[in-house]
Chemist: 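This is the structure I have questions about; it appears just below.
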Amino acid sequence: MIKCRVCGGSPTEFIDFGQQPLSDAFRAPDDATDEFFFRLAVGLCPDCTMVQLMEEVPRERMFHEAYPYVSSGSAVMREHFEKTAQQLLATELSGPDPFIVEIGSNDGVMLRTIDKAGVRHLGVEPSASVAELARMQGIQVLGEFFEASSAARIRAEHGPAQVIYAANTMCHIPYVESIFQGVDTLLAPDGVFVFEDPYLGEIVARTSFDQIYDEHFYLFTARSVAAMAQRFGFELVDVRQLPVHGGEVRYTLARAGRRTPTPAVADLLAEEAGAGLADLTTLQRFAAAVGEVRHDLVALLRRLRAEGRTVAAYGATAKSATVTNYCGITPDLVAYVLDTTPAKQGRLTPGAHLPVRPAQEFRPPYPDYLLLFAWNHAEEIMAKEQAFRAAGGRWIRYTPTVHLV
Ligand code: SAM
Ligand code: TMP
Ligand code: ZN
């Protein structure tokens, strides 16, 4: 029986995607070694309401020297993180000699603005290749996993942090007890722990089931984050919905009793209660909608193949591993995937083995259809690829339902 990673309760499973590969394990075409698979299923803890994976992938299998995801690949995200850094500088980091620690700093997309402002900072980033991209810009990075032990060493060397920040990283970390111990050791008495991650409310509303994959261990709500915070001596004091990555929430936590929660917390909790986000029936309805998307997407791709149309895809996202492997999308249905990331190009997508081609070299003759895997960057990508649309190409979308654009 698996146990809730937050409270030890017994999660109830509501969706099962079957055997799935690691979402970021792109393969060389001549690689004949066995691929790692695990069972991707999601459950709801009836006690603390945390939604989480039923099976945990060891962290070293996911975050290592060859981790291919670089945060700066999107102009929208670069701007988002610059604004985030500016806001922190103007508020929490405006006192004398402030210090900020970022968990999962990746290529330094957020910390570069902090560094330019001359503020003391430390990124904590176990994936060596992306950490090196940050160091090359002069950003301070510790090449380790953030957890209780590394946090204690950071505190001993640098003193307390006014802000501990993490974007798209807390939901990747099952071992929250160790994280909160580390935050407790490192955070200044009045400091804040701020993190932003994909929001279960948006995932359910948009049927964006591809937000579920090995790295996304948790799908947070304000309610489950508040319960988690409380368990470890903290309190949810602010929430803010963000439009990035298909709908996220930024949670601000402080030590319990230190700050007055903003009205936004109660508002979001009420909205979640209305939407039934902690109810198993809501999540079972979501699972049924996901099954329909799979049915419709496979039917469309098979029809296009029968009609002799050419179909490729855009964005070799981690998310797309769930779509391709759950729907059985192999190269006979989608010939290749375009992507701007050098570490993914020339390789095959995990499990489904679709070849990844450089998006930078996308030019006529175009395929008839492009399946938009990177739908969270839709505006940016469609603006960039107007020539494809102008030449008669159509985009295939699959959230919230399968449709053509
Ligand atoms: N913050 C960036 C962003 O929002 O684009 C990067 C997000 S990326 C999806 C997640 C990052 O978290 C990876 O670079 C991974 O190596 C890192 N990571 C995973 N576990 C971690 C841990 N325990 N401590 C610090 N970083 C971690
Ligand atoms: P993400 O959804 O996890 O941010 O991944 C987006 C992927 O899409 C990443 O591999 C980079 C790729 N991408 C492009 O190929 N072109 C683009 O314009 C953008 C924004 C992303
Ligand atoms: Zn629980």
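In each ligand, atom 1 is the first atom listed, and ligand 1 is the first ligand listed.
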Chemist: Do Glu102 side-chain atoms and Gly123 backbone N/O form a donor-acceptor pair below 3.5 Å?
Modeler: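 No.
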Chemist: Using heavy atoms and a threshold below 4.0 Å, how should the contact between Thr341 and ligand 2 be classified: side chain, backbone, both, or neither?
Modeler: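 Side chain only; the backbone of Thr341 stays clear of ligand 2.
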Chemist: Using the Zn ion (ligand 3) as the vertex, how large is the angle between SG of Cys45 and SG of Cys4, rounded to 10 degrees?
Modeler: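 So the angle at the metal works out to 110°.
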Chemist: Of the backbone atoms (N, CA, C, O) and the side-chain heavy atoms from C-beta on, which set of Ile173 has a member under 4.0 Å from an atom of ligand 1: side chain, backbone, both, or neither?
Modeler: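 Answer for Ile173: side chain.
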Chemist: With a 4.0 Å heavy-atom cut-off (strictly under), which part of Lys384 contacts ligand 2: side chain, backbone, both or neither?
Modeler: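 The side chain, only.
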Chemist: Nearest to atom 4 (O) of ligand 1, what protein heavy atom do you find, and at what distance?
Modeler: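 That would be Asn168 ND2, 2.8 Å.
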Chemist: Of the choices Phe81, Tyr69, Phe146, Tyr165, which has the non-hydrogen atom that lies closest to atom 22 (C) of ligand 1?
Modeler: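 Shortest heavy-atom distance from atom 22 (C) of ligand 1: Phe146.
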Chemist: Given that the side chain starts at C-beta and the backbone is N, CA, C, O, which of these parts of Phe373 lies under 4.0 Å from ligand 2, counting heavy atoms, or is it both or neither?
Modeler: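 Within the 4.0 Å criterion, Phe373 makes no contact with ligand 2.
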Chemist: Do any N/O atoms on His377 end up under 3.5 angstrom from N/O atoms on ligand 2?
Modeler: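 Between His377 and ligand 2, an N or O pair is found under 3.5 Å apart.
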Chemist: Among protein heavy atoms, which lies nearest atom 11 (C) of ligand 1, and at what distance?
Modeler: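 Answer, as residue, atom name and distance: Thr169 OG1, 3.7 Å.
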Chemist: Could you tell me, atom by atom, which parts of ligand 1 come under 4.0 Å of a heavy atom of Ile103?
Modeler: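 By the 4.0 Å cutoff, the relevant atoms are 24 (N), 25 (C).
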Chemist: Backbone, side chain, both or neither: what part of Phe217 comes under 4.0 angstrom of ligand 1, heavy atoms only?
Modeler: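 It is neither; nothing of Phe217 touches ligand 1.
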Chemist: Look at ligand 2 and say whether Met77 reaches it with a heavy atom at a distance under 4.0 Å.
Modeler: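 Not so, Met77 does not reach ligand 2.
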Chemist: With heavy atoms of Ala167 as the reference, note each atom of ligand 1 found under 4.0 Å away.
Modeler: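 Reading through ligand 1 atom by atom, the close ones are 1 (N), 2 (C), 3 (C), 4 (O), 7 (C).
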Chemist: Verify the distance criterion only: is there a donor paired with an acceptor across the side chains of His158 and Gln140 at less than 3.5 Å?
Modeler: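 No, no side-chain donor-acceptor pair sits under 3.5 Å.
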Chemist: Examine the side chains of Tyr314 and Glu385 and answer whether a donor and an acceptor come within less than 3.5 Å of each other.
Modeler: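 Yes, side-chain donor-acceptor contact under 3.5 Å.
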Chemist: Name the closest protein heavy atom to atom 23 (N) of ligand 1, giving the residue it belongs to and the distance to 0.1 Å.
Modeler: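 Nearest protein contact, heavy atoms only, for atom 23 (N) of ligand 1 is Tyr175 OH, 2.9 Å.
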Chemist: Which residue supplies the protein heavy atom nearest to atom 5 (O) of ligand 1, what is that atom called, and how far is it?
Modeler: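 Of the protein heavy atoms, Ser71 OG, 2.6 Å lies nearest.
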Chemist: Which atoms from ligand 1 have a heavy atom of Val124 less than 4.0 Å away?
Modeler: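 What qualifies from ligand 1 is 25 (C), 26 (N).
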Chemist: Could you tell me if any non-hydrogen atom of Glu125 lies under 4.0 Å from any atom of ligand 1?
Modeler: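 Contact present.
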Chemist: If I take the Zn ion (ligand 3) as the centre, what angle separates the SG atom of Cys48 from the SG atom of Cys7? Nearest 10 degrees is fine.
Modeler: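 Angle SG(Cys48)-the Zn ion (ligand 3)-SG(Cys7): 110°, rounded to 10°.
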Chemist: Looking only at protein heavy atoms, which one is nearest to atom 9 (C) of ligand 2, and what is the separation?
Modeler: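 Result for atom 9 (C) of ligand 2: Asp339 OD2, 3.5 Å.
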Chemist: Quick test of your reading of the model: are Arg259 and Glu92 salt-bridged, counting only N-O distances below 4.0 Å?
Modeler: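 Yes.
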Chemist: I'd like to check Leu297 versus Val323 (side-chain heavy atoms, cut-off strictly below 4.5 Å). Are they in contact?
Modeler: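 Yes; the side chains approach each other to less than 4.5 Å.
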Chemist: May I ask you to check whether Phe17 and Tyr213 place their ring centers less than 6.0 Å from one another?
Modeler: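 No, they do not, as the ring centres are separated by 6.0 Å or more.
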Chemist: Would you mind running through ligand 1 and noting each atom that sits below 4.0 Å from a heavy atom of Gly104?
Modeler: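 Those atoms are 1 (N), 2 (C), 6 (C), 12 (O), 17 (C), 25 (C), 26 (N).
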Chemist: According to the interplanar angle, ranging from 0 to 90°, do the rings of Phe38 and Phe36 count as parallel (below 30°), tilted (30 to 60°) or perpendicular (above 60°)?
Modeler: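 Parallel: the ring planes of Phe38 and Phe36 meet at under 30°.
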Chemist: Looking just at side-chain N and O atoms, do Glu202 and Gln211 make a donor-acceptor pair shorter than 3.5 Å?
Modeler: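 There is no such pair between these side chains.
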Chemist: Assess, by modelled atom type and distance only, whether the side chains of Thr281 and Asp279 contain a donor and an acceptor separated by less than 3.5 Å.
Modeler: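 No pair is found: no donor N or O on one side chain lies under 3.5 Å from an acceptor on the other.
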Chemist: Please confirm whether Phe220 and Tyr218 have ring centers closer than 6.0 angstrom.
Modeler: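 That pair passes the under 6.0 Å test.
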Chemist: Is it true that His80 and Glu248 share a donor-acceptor pair across their side chains at a distance under 3.5 Å?
Modeler: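 Absent: no donor and acceptor within the cut-off.
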Chemist: Kindly say whether Ala128 contributes a backbone atom to a donor-acceptor pair with the side chain of Tyr67 at under 3.5 angstrom?
Modeler: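 Such a contact is absent between Tyr67 side chain and Ala128 backbone.
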Chemist: Run the numbers for me: atoms of ligand 1, each under 4.0 Å from some heavy atom of Glu102, listed by number.
Modeler: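 Checking each atom against Glu102, I get 1 (N).
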Chemist: Please state which protein non-hydrogen atom is closest to atom 14 (C) of ligand 2 and give its distance, to 0.1 Å?
Modeler: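 I find the closest protein heavy atom is Thr340 OG1, 3.2 Å.
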Chemist: Hey, is Met77 one of the residues with a heavy atom under 4.0 angstrom from ligand 1?
Modeler: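 False for this residue.
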Chemist: Can you confirm if the aromatic rings of Tyr175 and Phe145 lie within a centre distance of less than 6.0 Å?
Modeler: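 That pair fails the under 6.0 Å test.
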Chemist: Please state which protein non-hydrogen atom is closest to atom 8 (S) of ligand 1 and give its distance, to 0.1 Å?
Modeler: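 For this ligand atom, the closest protein heavy atom is Tyr67 OH, 3.6 Å.
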Chemist: I'd like to know if Arg255 and Asp184 make a salt bridge, using a cut-off of under 4.0 Å between side-chain N and carboxylate O.
Modeler: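 Salt bridge: yes.
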Chemist: Considering non-hydrogen atoms of the protein only, which is the closest contact for atom 3 (O) of ligand 2, and what is the distance?
Modeler: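 So the nearest neighbour among protein heavy atoms is Tyr69 CE1, 3.3 Å.
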Chemist: So which protein heavy atom does atom 27 (C) of ligand 1 come closest to, and at what separation?
Modeler: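 I find the closest protein heavy atom is Pro126 CD, 3.5 Å.
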Chemist: Between Asp210 and Thr322, does the side chain to side chain donor-acceptor pair (under 3.5 Å) criterion hold? Intermediate values first, please.
Modeler: CA-CA 6 Å; Asp210 52 353; Thr322 299; over 6 Å; no
Chemist: Verify the ring-centre separation between Phe234 and Phe180: is it less than 6.0 angstrom?
Modeler: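 Ring centres of Phe234 and Phe180 closer than 6.0 Å.
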Chemist: Does Phe145 approach ligand 1 within less than 4.0 angstrom via side chain, backbone, both or neither, non-hydrogen atoms only?
Modeler: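 Near ligand 1, Phe145 shows its backbone as well as its side chain.
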